[in-house]
Amino acid sequence: MSENETKTIALPSITTVRDLAKKVNSTPIQVIKVLMANGVMANINQQIDFDTAAVVLAELGYEASLEVPEVEEEQVGEVPLWRRLIDKEDPQNLVTRPPVITILGHVDHGKTTLLDAIRHTNVAAGESGGITQHIGAYQITHKKKIITFLDTPGHAAFTAMRARGAQGADIVVLVVAANDGVMPQTREAIAHARAARVPIIVAMNKIDLDDANPDFVKQQLADAGLVSDEWDGDTIIVPVSAKKNTGIDDLLEAILLVADNTKILANPKGIVTGTVIEAEVDKSRGVVATLLVQNGTLRTGDAIAVGLASGNIRAMFDFKGNQIKEAGPATPAQILGLNGVPKAGDPFQVCDSEREARVIINKRKVKLEESKATKPMTTLEDLFDRVKAGEMGELKLILKADVQGSLEPIVNSLNDIKQSEIRVNILHAETGAITENDVMLAAASQAIVLGFNVVAETPAKRLAETEKISIRTYEIIYRLLEDVEKALKGMLEPEKKEVVVGKADVLQTFRISKVGAIAGCRVTEGEIRRNANVRVMRGETVLFTGELASLKHEKDNEKEVKTGFECGLRVKGFNDFEVGDKVVCFTVEEIAR
Ligand code: GDP
């Protein structure tokens with residue numbers, strides 16, 4: 001280092017005298033002396049803030065820089081959509097825009113009531129006769145700052161948007177009822193927000209109730225990874241009562257604070273883009289779509305391409321139903337004039353002419369058809385390839401298991417796997433069958449779904465087929481871990497797919513000595529085949545997987561028994577049938593790659 005070059009030392013926001021001395025290879029006494037000379041009396045273990053420490057360093061001939069803790073968001077994962085949108089904008093033209101908020105949480109915890117409470121206390125009645133309309137979003141002003149709320153609560157909408165790459169919200173407000181605590185959908189919502197790297201503020205609702213137990217719920221939230229700032233964590237938890245209208249101002253305050261910290265920008269004069277919030281056909285007005293402008297300013301008369309629709313904006317309204325001529329960043333606007341109904345989450349862009357918009361749409365349609373034909377399955381293997389190619393820094397998993405007792409050890413073991421540079425990121429781990437929501441989250445986050453002792457619900461399977469999401473189910477923990485390890489090492493064997501060929505309900509059970517248990521069944525779907533595999537299910541739990549030992553219809557041995565018929569069957573190695581169990585018959589096929 002040359003003489004006139006000052007060495008920079010990185011410091012945390014709070015440090016002790018001892019640590020500071022160590023960093024500059026000096027003695028604590030020396031540091032204490034400098035502090036005293038500056039009027040600060042301190043002992044060796046005293047904590048000093050960054051500014052004070054910087055003064056000490058300056059006197060000792062160093063420069064201080066604030067150590068920024070490694071935020072996960074910055075290491076891997078998604079870049080917020082607005083950041084990608086403004087990538088091409090000249091930084092000089094960027095201004096802060098209002099934050100867009102979505103409300104998530106468990107059913108009945110008060111999402112709708114909260115949205116109504118915020119709206120009613122903060123929105124001046126619409127000029128057009130005091131009627132405000134629901135167009136999928138609204139704006140309020142708090143302390144002279146605008147906040148945009150998406151008012152279709154629930155993570156299905158949030159994730160559907162993300163699945164189309166259109167992350168609409170900048171901040172998630174997670175509603176948790178203080179008398180009910182963290183529930184499955186609360187955890188799901190946390191997983192969705194985390195996967196999208198969107199900051200979470202908790203609205204602890206229903207604090208007016210006698211059985212509200214905020215401390216207990218705070219602990220539950222901390223266990224779920226949302227540690228209250230009162231406990232030195234970084235989640236703001238605001239007690240509210242949506243019903244009694246208390247705490248709402250505090251919540252809005254918290255939103256503005258987080259928004260300020262996130263610095264959400266846009267260029268009002270830039271390229272006009274955004275997302276569809278909702279759209280429908282109105283009998284008298286034609287296609288009515290609510291768009292959320294995310295960059296630029298949308299104007300009546302503009303030609304736009306929206307999802308697979310296009311048109312000239314014939315008229316535009318705000319959420320109060322007032323006709324408007326333009327809508328800037330973070331403004332929801334209802335527009336008329338499209339030639340088709342776009343989907344929520346579809347992006348829109350302004351074009352030079354309607355003709356150009358039509359060309360874009362046609363290209364999009366062709367591309368969509370092509371991708372339908374060629375979209376590859378998201379499998380462990382190809383996720384790994386992409387991880388290796390540097391496209392993804394982690395392997396994202398969604399894990400479902402039958403009971404908490406098996407979920408925990410699996411999560412712990414997965415977190416312990418250190419096969420390579422690549423991190424395993426468990427986006428969501430929960431008990432219960434694999435649902436559509438899980439597949440949706442996987443699709444939106446490029447993750448795969450692993451099940452332990454659970455099956456995928458039929459709608460989830462259907463969605464997985466169309467979204468090309470891989471669902472792998474296991475009955476042995478070791479196998480599940482082994483597959484993930486193999487995927488990380490890039491040596492996974494071809495994926496096998498189970499094809500269900502039939503299902504039967506157990507109506508009666510018999511026991512024959514020396515032979516074992518026989519289940520008297522009725523086939524309810526497809527057929528039961530003598531030489532296929534079977535799984536015995538009780539509710540959602542897999543009791544046993546194996547082969548049939550015999551299959552009879554009346555007294556005859558059969559190769560298969562079809563829907564509507566009764567049969568008697570035995571399963572090799574399984575004798576614990578109960579009336580009400582289900583027998584699922586399946587074959588195993590290798591997935592062609
Ligand atoms: P959502 O399913 O999350 O949208 O929940 P809702 O907003 O529909 O509310 C579910 C129920 O909880 C309704 O009966 C509300 O009146 C009630 N509720 C919502 N917020 C509060 C609150 O702060 N206090 C009390 N006591 N009840 C509330």
Side-chain angles (χ1 to χ4, degrees), residues 100-123 132-140 142 147-162 168-169 171-194 196 198-221 224 226 228 235-255 277-278 290 319 332 344 428 430 432 435-438 440-441:
V100 179
I101 317 297
T102 194
I103 299 206
L104 305 182
H106 195 70
V107 63
D108 276 350
H109 278 196
K111 299 181 287 294
T112 316
T113 315
L114 182 63
L115 275 163
D116 285 348
I118 295 170
R119 184 183 176 111
H120 284 127
T121 41
N122 294 282
V123 173
T132 61
Q133 343 185 316
H134 277 272
I135 66 165
Y138 63 81
Q139 288 190 308
I140 61 142
H142 180 73
I147 307 175
T148 303
F149 284 87
L150 300 180
D151 73 358
T152 358
H155 47 237
F158 178 71
T159 310
M161 274 198 169
R162 272 189 66 224
I171 298 171
V172 162
V173 168
L174 178 68
V175 176
V176 186
N179 63 332
D180 204 21
V182 171
M183 298 302 278
Q185 283 169 293
T186 318
R187 271 193 280 271
E188 241 175 59
I190 296 173
H192 286 247
R194 284 235 176 92
V198 175
I200 301 174
I201 296 171
V202 175
M204 171 106 68
N205 193 27
K206 307 201 187 182
I207 43 150
D208 56 293
L209 292 176
D210 289 340
D211 58 348
N213 191 347
D215 280 334
F216 176 70
V217 179
K218 254 187 228 170
Q219 184 57 54
Q220 285 186 315
L221 286 163
L226 297 180
S228 160
T235 305
I236 303 181
I237 301 181
V238 188
V240 298
S241 167
K243 201 167 178 175
K244 299 257 151 88
N245 238 327
T246 51
I248 307 291
D249 274 358
D250 297 338
L251 179 64
L252 300 178
E253 204 69 22
I255 290 172
I277 296 174
E278 58 179 43
T290 302
F319 68 95
H428 183 44
E430 188 59 67
T435 64
E436 253 181 320
N437 267 329
D438 298 322
M440 193 92 94
L441 177 59

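Each ligand, and each atom within it, is numbered from 1 in the order the structure gives.
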Novice: Which is closest to atom 20 (N) of ligand 1 in terms of heavy atoms, N205, I103, D116?
Specialist: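 Looking at heavy atoms only, the winner is N205.
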Novice: Which of the numbered atoms in ligand 1 are below 4.0 angstrom from a heavy atom of D108?
Specialist: 1 (P), 2 (O), 3 (O), 5 (O), 10 (C), 12 (O)
Novice: Do H106 and E188 have side-chain N/O donor and acceptor atoms under 3.5 Å apart?
Specialist: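 Per modelled atom types, H106 and E188 side chains form no pair under 3.5 Å.
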Novice: For ligand 1 and G110, I'd like to know whether there is a polar contact (N/O to N/O, distance under 3.5 Å).
Specialist: yes
Novice: For a quick check under 3.5 Å, do D438 and T435 share a side-chain donor-acceptor pair by atom type?
Specialist: yes
Novice: Any N/O of A242 closer than 3.5 Å to an N/O of ligand 1?
Specialist: yes
Novice: Taking heavy atoms and a distance under 4.0 Å, where does L209 meet ligand 1: side chain, backbone, both or neither?
Specialist: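 The part of L209 near ligand 1 is the side chain, not the backbone.
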Novice: Report the part of K206 in contact with ligand 1, treating N, CA, C, O as backbone and CB onward as side chain, heavy atoms under 4.0 Å; options are side chain, backbone, both, neither.
Specialist: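 It is both backbone and side chain that touch ligand 1.
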Novice: Between I101 and L150, is any pair of side-chain heavy atoms under 4.5 Å apart?
Specialist: no
Novice: Pull out every atom of ligand 1 sitting under 4.0 Å from any heavy atom of S241, numbered as shown with elements.
Specialist: 22 (C), 23 (O), 24 (N)
Novice: Kindly determine whether I237 and S228 satisfy side-chain contact (heavy atoms from CB on, under 4.5 Å), including the steps that lead there.
Specialist: CA-CA 6 Å; I237 301 181; S228 160; 3.6 Å; yes
Novice: Is R119 salt-bridged to D151, going by a charged N under 4.0 Å from an acidic O?
Specialist: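 Salt bridge present between R119 and D151.
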Novice: With heavy atoms of K111 as the reference, note each atom of ligand 1 found under 4.0 Å away.
Specialist: 1 (P), 2 (O), 3 (O), 4 (O), 5 (O), 7 (O)
Novice: Identify, by atom number and element, the atoms of ligand 1 in contact range of H106, meaning under 4.0 Å from any of its heavy atoms.
Specialist: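 Numbered from 1, ligand 1 contributes 3 (O).
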Novice: Counting N and O atoms only, with roles assigned by atom type, does the side chain of D250 sit under 3.5 Å from a partner on the main chain of V238, one being a donor and the other an acceptor?
Specialist: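 Here the side-chain-to-backbone pair does not exist.
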Novice: Where the side chain of S241 meets the backbone of I207, is there a donor-acceptor pair that is under 3.5 Å apart?
Specialist: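 No; zero donor-acceptor contacts below 3.5 Å.
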